[in-house]
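This report concerns only the one structure given below.
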Amino acid sequence: MRSMSIKRVSSVIFSAFLAVGSHSQTVGDKSLQAGLVGGVGVSMLKMGTNYLSANGVGATFTLGTNFTRAFKETKNLAYTFGLEFDIENLKYKKEDANVFYRYTDKVIKNQKETVATTDKYFLLSERTYNPVYISLPIYLNFRTEFIGDFRYFANFGLRNRFLVSNKINDSGFSLDNLNDPLVLWKNQENVDMASKGELFIFNSNIGFSGGAEWNFAGTTVLKAELGYYYGFVPLFLDRSDDKKTMFILDSNLNKVYFSNKSTQNQVVLKFSILF
């Protein structure tokens with residue numbers, strides 16, 4: 001009997017300990033949350049040259065990790081930072097002018113490079129870039145208290161991104177000699193082309209997003225947010241004359257080289273699991 005009483009008392013004490021421990025820190029009390037983030041979105045180009053125009057919208061895929069830390073003074077204000085990989089495609093097409101470049105194998109040549117016997121010319125119709133960026137976002141996070149299992153928030157901040165790699169896929173027409181008649185141009189796809197230094201290695205955009213957190217288990221939350229990001233840093237370098245790769249032909253059939261110009265805006269839907 002005594003043994004049974006001891007067991008009952010012990011069980012009550014143990015249960016009370018667990019209850020106190022489990023409520024000692026709720027998700028609303030946590031000063032730091034960390035977890036995984038993934039997202040999809042659309043990318044829109046704003047071209048800065050009359051020779052080229054945006055070709056619909058591109059896609060962006062994001063995967064990485066992020067952290068949210070509350071300010072000591074209040075739990076309703078925090079900052080979010082992280083490390084993400086952005087895999088994108090950017091699409092544009094030529095406008096009224098015929099846009100050309102010179103290439104050998106999978107390398108696009110710039111103006112200063114000596115013309116080789118292996119060089120060919122390409123009349124561009126459409127181009128798709130496939131860049132990969134490392135993104136370092138940092139946002140100011142405004143959030144409510146938990147209302148039941150949900151908390152609502154808004155973010156405002158910067159996404160600073162650094163170019164890791166880029167491949168170019170072109171569709172158009174190829175010719176061995178630029179002076180050959182137009183009928184000799186061959187329809188062609190140039191896949192996985194490289195044009196060194198065309199995309200700017202640094203890209204930054206300012207944005208805002210809003211969403212909600214769902215506390216579905218313990219201190220684990222599922223977070224969803226929809227954001228708009230305005231790109232204020234140009235995607236392409238304004239290259240010096242001897243490093244430009246694309247050109248048009250003037251009325252005297254002389255090559256007139258130019259730099260691509262564009263900025264990028266994005267709408268991205270993200271989901272995170274934070275612990």
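These values consider heavy atoms only, across backbone and side chains, with no hydrogens, waters or symmetry-generated copies. Residue numbers run from 1 in the order of the sequence given.
A ring-centre distance under 6.0 Å is found for F236 and Y129. Aromatic ring centroids of Y79 and F71 lie under 6.0 Å apart. Here F247 and F100 bring their ring centres to under 6.0 angstrom of each other. In this structure, Y103 has its ring center no closer than 6.0 Å to that of Y121. Note: F202 and F162 meet the aromatic proximity criterion, with ring centroids under 6.0 Å apart.
No donor-acceptor pair under 3.5 Å is formed between the side chain of N166 and the backbone N or O of V132.
Looking at N98 and L123, their side chains come closer than 4.5 Å, going by heavy atoms from C-beta outward. Side-chain contact between S262 and Y92 is absent, with no heavy atoms from C-beta onward closer than 4.5 Å. In this structure the side chain of F271 never reaches within 4.5 angstrom of the side chain of K223, judged on heavy atoms. Using a 4.5 Å cut-off on side-chain heavy atoms (C-beta onward), D119 and K109 make contact.
At a cut-off of 3.5 Å, with distance as the only test, a side-chain donor of R161 or N203 sits close to an acceptor on the other residue. Side-chain contact of N141 with N155: a donor-acceptor pair under 3.5 Å is present, judged by distance alone. One side chain, Y101 or N190, offers a donor N or O that lies under 3.5 Å from an acceptor on the other. Judged purely by distance below 3.5 Å, without hydrogens or angles, the side chains of Q33 and T68 never pair a donor atom with an acceptor atom. Using a 3.5 Å distance cut-off with no hydrogens or angles, the side chains of R159 and Q266 do pair a donor with an acceptor.
Take K244 and apply the side chain to side chain contact (heavy atoms under 4.5 Å, CB included) test, not counting sequence neighbours, and it matches R239, D241, Y257, S259.
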(request) Show your reasoning for whether side-chain contact (heavy atoms from CB on, under 4.5 Å) applies to L83 and I134. (result) CA-CA 7 Å; L83 174 65; I134 289 179; 3.5 Å; yes
(request) Begin from the C-alpha positions of L222 and E213 and carry the test side-chain contact (heavy atoms from CB on, under 4.5 Å) through to its verdict. (result) CA-CA 6 Å; L222 177 64; E213 295 180 32; over 6 Å; no
(request) Apply side-chain contact (heavy atoms from CB on, under 4.5 Å) to T74 and L77, showing your working. (result) CA-CA 6 Å; T74 174; L77 186 62; 3.7 Å; yes
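Here K167 does not pair with D192 in a salt bridge; the nearest charged N to carboxylate O distance is not below 4.0 Å. Salt bridge E198/K243: absent, no basic N to carboxylate O contact under 4.0 Å.
Rounding to the nearest 0.5 angstrom, the gap separating the CG atom in N205 from the OG atom in S135 is 7.5 Å. Rounding to the nearest 0.5 angstrom, the gap separating the CG atom in N187 from the OG atom in S171 is 8.0 Å.
The 12-atom threshold is not exceeded at CD1 of I201, counting heavy atoms of other residues, nucleotides or ligands nearer than 6.0 Å.
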Atom pairs and distances, side-chain donor-acceptor, residues 51-64, under 3.5 Å, sequence neighbours left out:
| unit_1 | atom_1 | unit_2 | atom_2 | d |
| --- | --- | --- | --- | --- |
| S53 | OG | E95 | OE2 | 2.5 |
| T60 | OG1 | E88 | OE2 | 3.4 |
| T62 | OG1 | D86 | OD1 | 3.0 |

